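Remarks on the structure that follows.
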Amino acid sequence: MNTRITELLEIQYPVICGGLYRIGRAPLAAAISEAGGLGIMTSATFETAEELRQEIRKAKELTKKPIGVNINLFPSVKKMPNEAYIDVLLDEGIRIVETSGRNPEPFMKVLKDNNVIVIHKVAGVKYAKTAERVGCDAVTIVGFEAGGHPGMEDVGNIVLVPQTVDAVSIPVLAGGGIADGRGLAAMLALGAEGIVMGTRFLASQEAMVHDNLKRWMVQASEIDTALIQKSIGSTSRVGRNAIALKVLDAESRGATLEELLPFISGQRSAKVFNEGDLDAGVFSCGQSVARIRQIQTVKEIISEVVGEGRQVTDRMRKIWSDTNQMETTQ
């Protein structure tokens, strides 16, 4: 497959795993890159920059193909040592960075001076235009369907993707609600140059999460996620569990950030991923969870996505060919 994204990133398929907090580690990222996509490690997962350095080195032992690092620019209770993370990734030869959250402009000079490709993840067209203006090489637009932070506006990708493609000249990646080849074909048809999948890779064999969560994902439906934290201006799509419902109830009663923090803390979510207690805390999960039928290796997932995408494209090509033949004979 050949798009502006595959050329820019020097990868085989336009399939990327965006930053996954706590999950974006060497085994998953390297497996995705080795299978022809682009794996991304999440710097915020690591307490120190030196821990990130060691994880980058582990990934390099697992693959010689390009990998990236996510730099989290979202507001947080704990200040992220992003300058130190960037120093480390530059030292270790990483030349692809995904930024997410606030405007990446404060970090653009050091990244571009070191020939780093910057992909900024946004949840709205105006933010995509800003990303292009400050020098980003590509942008990921995430729709309402996405797990994690889909933004404050409830707009899906069928509208957001073409709107973004029309608004910027840099390559656009589509994220949110995509877990199979039909999603890949649809996003390419809307003008995207590739896709970002998070939830689908969370349910892979290489993802370092408890089997209880993976089993839940296989049986989940499209209504088994919830949007929380909208009342505090930090909308997050998560699995619909007991804690998520408590958060929604608290928000309906006008809870403050301080009142919500005990429910949405990272320590609680760690128990979900590490111990398999599905009601211990909130965990990011997109609506595409409904499309997951089995736990596969990353290589199998990417192979299926690309193969099905080709089948869908062939089907559409046949439809148009048949239509043209009918019009010619009339």
Side-chain angles (χ1 to χ4, degrees), residues 3 5 14-21 70 72-75 98-104 119-134 136 138-180 182-200 202 220-240 244 247-248 251-252 264 282-292:
T3 72
I5 281 293
V15 178
I16 294 168
C17 180
L20 295 174
Y21 180 54
N70 170 275
N72 178 10
L73 304 179
F74 283 100
E98 176 194 64
T99 53
S100 53
R102 289 175 171 168
N103 188 338
I119 306 169
H120 188 52
K121 185 183 295 181
V122 300
V125 176
K126 66 179 181 180
Y127 306 115
K129 294 168 73 173
T130 298
E132 180 176 42
R133 177 180 58 78
V134 302
C136 292
V139 64
T140 298
I141 186 75
V142 292
F144 170 74
E145 310 93 335
H149 297 283
M152 295 295 290
E153 303 298 332
D154 299 343
V155 184
N157 267 331
I158 201 165
V159 171
L160 269 182
V161 172
Q163 286 288 93
T164 307
V165 169
D166 289 349
V168 299
S169 60
I170 56 178
V172 174
L173 288 156
I178 307 163
D180 56 26
R182 282 182 281 185
L184 169 61
M187 294 304 110
L188 293 177
L190 292 172
E193 304 280 348
I195 59 171
V196 172
M197 297 194 301
T199 300
R200 183 65 191 94
L202 187 63
S221 76
E222 67 277 5
I223 60 172
D224 284 323
T225 69
L227 285 173
I228 64 172
Q229 300 173 206
K230 194 165 188 176
S231 65
I232 59 172
S234 182
T235 305
S236 182
R237 186 177 291 282
V238 298
R240 185 181 289 272
V247 173
L248 287 173
E251 288 188 88
S252 72
I264 62 178
V282 297
F283 59 93
S284 295
C285 184
Q287 290 181 323
S288 62
V289 69
R291 302 297 307 148
I292 298 172

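Quantities reported herein were computed from a predicted structural model and do not represent experimental measurements.
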**Request:** Would you sort out whether I141 and M187 count as a side chain to side chain contact (heavy atoms under 4.5 Å, CB included), showing the intermediate values?
**Result:** CA-CA 11 Å; I141 186 75; M187 294 304 110; over 6 Å; no
**Prompt:** Could you give the distance from OH (Y21) to OG (S100), rounded to the nearest 0.5 Å?
**Reply:** 12.5 Å
**Item:** Ionic contact status for E98 with K121, cut-off 4.0 Å
**Value:** yes
**Request:** Say whether, by atom type as modelled, one donor and one acceptor occur between the side chain of N157 and the main chain of L160 under 3.5 angstrom.
**Result:** no
**Heavy atoms of other groups near E132 CD, more than 12 under 6.0 Å** = yes
**Request:** Report the C-alpha separation of V196 and V142 in whole Å, then their side-chain angles, then the decisive distance to 0.1 Å, and conclude whether the side chain to side chain contact (heavy atoms under 4.5 Å, CB included) test is met.
**Result:** CA-CA 9 Å; V196 172; V142 292; over 6 Å; no
**Prompt:** So with a 6.0 Å cut-off around CG of L248, is the heavy-atom count from everything else above 12?
**Reply:** yes
**Fill in**
The single option from E145, R237, R240, Q287 that satisfies side chain to side chain donor-acceptor pair (under 3.5 Å) with T225 is R237
**K126 NZ to Q163 CD distance, which is reported to the nearest 0.5 Å** = 14.0 Å
**Item:** Shortest non-hydrogen separation from N72 to N70 and the atoms involved
**Value:** N-OD1, 3.5 Å
**Message:** Using 0.5 Å steps for rounding, measure from the CG atom of L190 to the CG atom of D166.
**Reply:** 10.5 Å
**Fill in**
Looking only at heavy atoms, the pair that brings I5 and A138 closest together is CD1-CB, 4.0 Å
**Complete:** For L73 and T99 the tightest heavy-atom approach is CD1-CB, 4.1 Å
**Prompt:** Nearest 0.5 Å, what's the CD1-CD1 distance between I232 and I264?
**Reply:** 4.5 Å
**Request:** Quick one: closest heavy-atom pair of P150 and A123, and the distance?
**Result:** O-CB, 3.3 Å
**Message:** Looking at every heavy atom in both A131 and V139, which two are closest together, and how far apart are they?
**Reply:** CB-CG2, 4.4 Å
**Request:** Of all the heavy-atom pairs spanning E251 and S231, show the shortest one and how long it is.
**Result:** OE1-OG, 2.6 Å
